[in-house]
Amino acid sequence: MDVTLHLAQDPEADALLGRSPLAALVGMLLDQQVPMEWAFKGPRTIADRLGAEDLDAHEIAAMDPEAFAALLSGKPAVHRYPGSMAKRVQQLCRYLVEHYDGDAEALWRGVGSGAELLKRLEDLPGFGKQKAQIFLALLGKRLGVTPEGWREAAGAYGEARSFRSVADITGPESLARVRAHKQETKAAAKAAKAADG
C-alpha cells in the first residue's frame, strides 16, 4: 500500500494513511463526532507521540490503557472524546493481534469477495455496517483493493463518481462536494423527522 490520500488535508498525515493499513483503519475508527480531517490526522499524531514512523498494533494493544488514554488526551487532543476513543483504538489493535497477528493489511490481502471483506470489516471493534461499507469503498476506490463484488458490498458508497464519503475525496474540491452531500442528507433527515412529529 503506497498511495496518496487527501483525507487529513495534511501532507504528513495523508502520507501515513496512504502507506499504513493500520493508520487508515484507525483514522476510519476515529471518524465520528469530529471533523473528518481531525479524525484522519489522528494516526499521525499518535505515531508522533509514540516516537514512531508508523503505528504498531502489537505495541498499542500492549500499552497501559491509562497511559494510552493520556497520550490521546494531550493537547491538542486526538479526538473530542480521547478517553473512549483510546479504548476503541486499543480494542481494534487487540483484535488485529488476535485474529491477524497485528497485520491490518491481512484483513483484505487475498480476500475472495467483497461480501467476505465487508464481513471481516464489520467484525472489527468499533465498525458497524455503515463504517465498514465506507472503508470498503475507500479500499476499492483509493487503495486498489477490488475483490469481486466490492462495489455491491459497499452499497451506495461503492458507486462510481459519487460524493458520499471519505472514499470519494481526492482533494479540496471533492471534500467540499462530500460535505455538501452530508449536509443535504442531514437536512433531509431532519425535515422527515419534523414531518413525522
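Nothing fancy with the numbering, it's 1 onward along the sequence.
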Kindly indicate, with the supporting measurements, whether the criterion side-chain hydrogen bond (donor to acceptor under 3.5 Å, both in side chains) is fulfilled by Glu105 and Tyr100.
CA-CA 9 Å; Glu105 193 171 5; Tyr100 296 98; over 6 Å; no

Using a 4.5 Å cut-off on heavy atoms from C-beta on, say whether the side chain of Val145 contacts that of Leu117.
yes

Does Trp38 reach the main-chain N or O of Val78 with its side chain, forming a donor-acceptor pair under 3.5 Å?
yes

Going through the checks in order, is the side-chain contact (heavy atoms from CB on, under 4.5 Å) test met by Phe68 and Leu72?
CA-CA 6 Å; Phe68 191 64; Leu72 269 66; 3.6 Å; yes

For Asp31 and Gly27, indicate whether the former's side chain and the latter's backbone hold a donor-acceptor pair under 3.5 Å.
no

Leu92, Tyr81: one ILVMFWY side-chain cluster at the under-4.5 Å cut-off?
no

With no hydrogens and no angle check, is any side-chain donor or acceptor of Asp101 less than 3.5 Å from a backbone partner on Val97?
no

Just wondering, more than 12 heavy atoms not from Lys131 lying within 6.0 Å of its NZ?
yes

What is the minimum heavy-atom distance between Pro147 and Ser113, and which atoms define it?
CB-C, 3.7 Å

Is the backbone of Gly126 close enough, under 3.5 Å, to the side chain of Gln91 for a donor and an acceptor to pair up by distance?
no

Take Asp168 and Ser174, measure what side-chain contact (heavy atoms from CB on, under 4.5 Å) needs, and give me the verdict at the end.
CA-CA 7 Å; Asp168 303 307; Ser174 52; 5.8 Å; no

Would you say Gln90 and Pro65 make side-chain contact, with heavy atoms under 4.5 Å?
yes

Give the minimum heavy-atom separation between Gly83 and Ala69, together with the two atoms involved.
CA-CB, 4.5 Å

Ser165 side, atom OG; Leu138 side, atom CG - distance, nearest 0.5 Å
7.5 Å

Side chain of Glu152, backbone of Gly114: donor and acceptor closer than 3.5 Å?
no

Does Lys41 offer a backbone N or O that forms a donor-acceptor pair with the side chain of Thr45 under 3.5 Å?
yes

Closer than 3.5 angstrom, by distance alone: can the side chain of His79 be matched with the main-chain N or O of Leu30 as a donor-acceptor pair?
yes

Minimum side-chain heavy-atom gap Arg151-Glu159 below 4.5 Å
no

Taken to the nearest 0.5 Å, the spacing of Leu17 CG from Met28 CE works out to 11.5 Å

Are Val26 and Ile60 close enough that some pair of their side-chain heavy atoms sits under 4.5 Å apart?
no

Validation row: Asp10, Glu37 side chains within 4.5 angstrom (heavy atoms)
no

Spatial distance of atom CG (Leu96) from atom CG (Leu107) [nearest 0.5 Å]:
6.0 Å

Least distance between heavy atoms, Gly102 atom then Ala57 atom:
O-CB, 3.6 Å

For the CG atom of Leu5 and the OG1 atom of Thr170, what is their distance to the nearest 0.5 Å?
10.5 Å

May I have the step-by-step check of side-chain contact (heavy atoms from CB on, under 4.5 Å) for Arg164 and Gln133, ending in yes or no?
CA-CA 11 Å; Arg164 295 181 190 278; Gln133 286 185 310; over 6 Å; no

Any chance you could measure Phe127, atom CZ, to Leu136, atom CG, to the nearest 0.5 Å?
11.5 Å

For Ala104, does its backbone N or O pair with a side-chain atom of Arg109 as donor and acceptor, under 3.5 Å?
no

What heavy-atom pair brings Gln9 and Ile169 nearest, and what distance separates the two atoms?
NE2-CG2, 4.3 Å

Using the ring of each side chain (for Trp, its six-membered ring), is Trp108 parallel, tilted or perpendicular to Phe135, with breaks at 30° and 60°?
tilted

Do any N or O atoms from the side chain of Glu116 and from the backbone of Gly112 form a donor-acceptor pair under 3.5 angstrom?
yes

Does any part of the side chain of His6, heavy atoms only, come nearer than 4.5 Å to the side chain of Leu175, both counted from C-beta?
no

Are Val178 and Val166 close enough that some pair of their side-chain heavy atoms sits under 4.5 Å apart?
no

Would one find more than 12 heavy atoms of other residues, nucleotides or ligands at under 6.0 Å from atom CZ of Arg120?
yes

Would you call Gln32 and Arg88 a side-chain contact if the rule is heavy atoms closer than 4.5 Å?
yes

So, does Lys87 use its side chain to make a donor-acceptor pair with the main chain of Pro82 at under 3.5 Å?
no

ILVMFWY network linking Phe40 to Val34, side-chain heavy atoms under 4.5 angstrom:
no

What distance do Ile134 atom CD1 and Leu121 atom CG have between them, rounded to the nearest 0.5 Å?
11.5 Å

Count the heavy atoms belonging to other residues, nucleotides or ligands that lie under 6.0 Å from CD of Glu12, then report whether that count exceeds 12.
no

Could you go through the side-chain hydrogen bond (donor to acceptor under 3.5 Å, both in side chains) check for Ser20 and Asp54 one step at a time?
CA-CA 7 Å; Ser20 169; Asp54 195 356; 2.7 Å; yes

Run the side-chain contact (heavy atoms from CB on, under 4.5 Å) check on Lys141 and Trp150 step by step: do they pass?
CA-CA 10 Å; Lys141 291 179 175 183; Trp150 73 269; 3.8 Å; yes

Check this for me, if you would: do Asp123 and Lys119 make a salt bridge, where the nitrogen-to-carboxylate-oxygen distance has to be below 4.0 angstrom?
yes

What one should report as the nearest heavy-atom pair of Arg179 and Met36 is NH2-N, 4.3 Å

